[in-house]
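These notes concern the structure reproduced below.
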Amino acid sequence: MNSLMLFGVSVALGLFAWAYVCFVYVWPVLRTRTLAAAATPVLVLHLFRFVGASFLVKGVAAPALAAGFAASAAYGDLVAVALAC
């Protein structure tokens, strides 16, 4: 098996494991809540988004990354954080 195939298998198994956890433990709890109460934890998670902003830090992203893309990704992430509030 080559490394790409092993990576794909590991990603698929991880997705199946998380699907099981969500189906057995998360979904029954979310079904009992209102939409606002169920969406709050997901929205709070988005307050800690930093990956887009890391595109602006020199040396974090690849040097070949276009500056226009890095800026738009970073500011788009900032807008997502603002909308999550």
Side-chain angles (χ1 to χ4, degrees):
M1 230 186 239
N2 65 16
S3 59
L4 185 59
M5 188 177 257
L6 285 173
F7 177 72
V9 169
S10 70
V11 168
L13 290 175
L15 286 174
F16 285 130
W18 277 109
Y20 176 78
V21 167
C22 288
F23 183 74
V24 172
Y25 298 106
V26 177
W27 183 246
V29 174
L30 288 180
R31 287 180 45 186
T32 63
R33 296 183 179 184
T34 64
L35 177 61
T40 300
V42 174
L43 294 175
V44 169
L45 280 175
H46 285 285
L47 293 175
F48 299 101
R49 292 178 62 140
F50 62 90
V51 175
S54 69
F55 286 147
L56 297 176
V57 179
K58 189 173 185 158
V60 173
L65 185 65
F69 170 77
S72 62
Y75 293 121
D77 220 27
L78 181 63
V79 168
V81 168
L83 290 175
C85 294

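Linking ILVMFWY residues whenever their side-chain heavy atoms come closer than 4.5 Å, directly or via other members, leaves Phe16 and Trp18 in distinct clusters.
By the side-chain contact (heavy atoms from CB on, under 4.5 Å) test, Val79 pairs with Leu83, sequence neighbours left out. Legend: residues meeting side-chain contact (heavy atoms from CB on, under 4.5 Å) with Tyr25, ordered by chain and number and at least two apart, are Val21. Evaluation of the ring pair (Phe, Tyr, Trp, His ring centres under 6.0 Å) rule for Phe69 yields Phe55 as partners, not counting sequence neighbours. Among residues two or more places apart in sequence or in another chain, the side-chain contact (heavy atoms from CB on, under 4.5 Å) test is passed with Val9 by Leu13.
The stretch residues 70-82 participates, sequence neighbours left out, in these salt bridge (Lys or Arg N to Asp or Glu O under 4.0 Å) pairs: Arg49-Asp77. Residues in residues 19-40 take part in no salt bridge (Lys or Arg N to Asp or Glu O under 4.0 Å) pair, two or more places apart or across chains.
In terms of heavy-atom proximity, Pro28 sits nearest to Cys22 at CD-O, 4.3 Å.
Here the CG-CG distance, from Leu4 to Leu6, works out to 9.0 Å after rounding to the nearest 0.5 Å.
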